[in-house]
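Let me begin by presenting the structure, written as structure tokens, before commenting on it.
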Amino acid sequence: MTTGTSSCIFCRIVRGEMRAEVVYRTPTAVAIRDVNPQAPVHVLVFPTEHVDSLGEAADPGLLGSLLVTAREVAAREQVDRRGYRVVINTNAEAGQTVPHLHLHVLGGRRMTWPPG
Ligand code: AMP
């Protein structure tokens, strides 16, 4: 499902209307550094096309490409061998605050389990 994208902050970043530290791009995805990092490496990967959440994502190809992009970001950030975590918060109870599908790529410190 796509909703109005004029006020969506990630759509605004895709359009160049809002500043962000872009670390990697593909034709279908953008990777930016999180403004409130929860680990030494904290990058957000999201599709250039607006999709509200994982639950609304209908294209398996898009979902696969986002995972490949997250893996590439981890390699570029040099956490791939040590280890990293990819998180998709989906809807309110999971803590999704930006209603545009995004993957958190977290690394650079030892992760705990279970997550909070
Ligand atoms: P979530 O809570 O899973 O929806 O994640 C949203 C993430 O977006 C949070 O970690 C925020 O710190 C991050 N965030 C919000 N606005 C921006 C922004 N303008 N640039 C970079 N990261 C942002």
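Predicted model, so just to flag it, every value in this text is computed and none were measured. Atoms within a ligand are numbered from 1 in the order they appear, just like the ligands themselves.
Heavy atoms of R33 come nearer than 4.0 angstrom to ligand 1 in at least one pair. Assignment of H102 to the shell around ligand 1 is supported, since a heavy atom sits closer than 4.0 Å. Distances from ligand 1 to the non-hydrogen atoms of R19 include no value under 4.0 Å. Within the 4.0 Å heavy-atom shell around ligand 1 one does not find A20.
When each atom of ligand 1 is checked for a heavy atom of I9 under 4.0 Å away, the hits are 15 (C), 16 (N). Here is the list of ligand 1 atoms found below 4.0 Å of a heavy atom in N36: 12 (O).
Residue, atom and distance of the protein heavy atom nearest to atom 17 (C) of ligand 1 are V35 CG2, 3.7 Å. In terms of protein heavy atoms, atom 8 (O) of ligand 1 is closest to L44 CD1, 3.5 Å. Considering only non-hydrogen protein atoms, atom 13 (C) of ligand 1 sits nearest to D34 OD2, 3.4 Å. Looking at atom 4 (O) of ligand 1, its nearest protein heavy atom turns out to be T97 N, 2.7 Å.
Residue N89 has at least one nitrogen or oxygen atom sitting less than 3.5 Å from a nitrogen or oxygen atom of ligand 1, judged on distance alone. Of the polar atoms of M18, none of the N or O atoms is found under 3.5 Å from an N or O of ligand 1, judged by distance alone. At under 3.5 Å, a nitrogen or oxygen of G95, whether backbone or side chain, sits near a nitrogen or oxygen of ligand 1. Considering backbone and side-chain N/O of Q96, none are found under 3.5 Å from N/O of ligand 1.
Aromatic ring pairs are classed by plane angle as parallel below 30°, tilted from 30° to 60° and perpendicular above 60°; the pair H100 and F46 is perpendicular.
Here R76 contributes atom CZ and T69 contributes atom OG1; the two are 10.0 Å apart, rounded to the nearest 0.5 Å. Between L66 atom CG and R71 atom CZ the span is 13.0 Å, to the nearest 0.5 Å. The structure places CG of D34 at 8.0 Å from CG of L106, a figure rounded to the nearest 0.5 Å.
The only option from T48, L44, L101 that meets the side-chain contact (heavy atoms from CB on, under 4.5 Å) definition with F10 turns out to be L44.
The shortest distance between side-chain heavy atoms of Y24 and E77 does not fall below 4.5 Å.
The part of I32 lying near ligand 1 is the side chain, judged by heavy-atom distances below 4.0 Å.
Using a distance-only test at 3.5 Å, with no hydrogens or angles considered, a donor-acceptor pair links the side chain of Q38 to the main chain of N36. At least one donor-acceptor pair under 3.5 Å links the side chain of Q96 to the backbone N or O of D52.
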Requested in this report: Show the numbers, then the answer: is there a side chain to side chain contact (heavy atoms under 4.5 Å, CB included) between V23 and R33?
Outcome: CA-CA 7 Å; V23 298; R33 230 169 272 291; 3.2 Å; yes
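Enclosure of atom CZ in R25 is not indicated, since only 12 or fewer non-hydrogen atoms of other residues, nucleotides or ligands lie within 6.0 angstrom.
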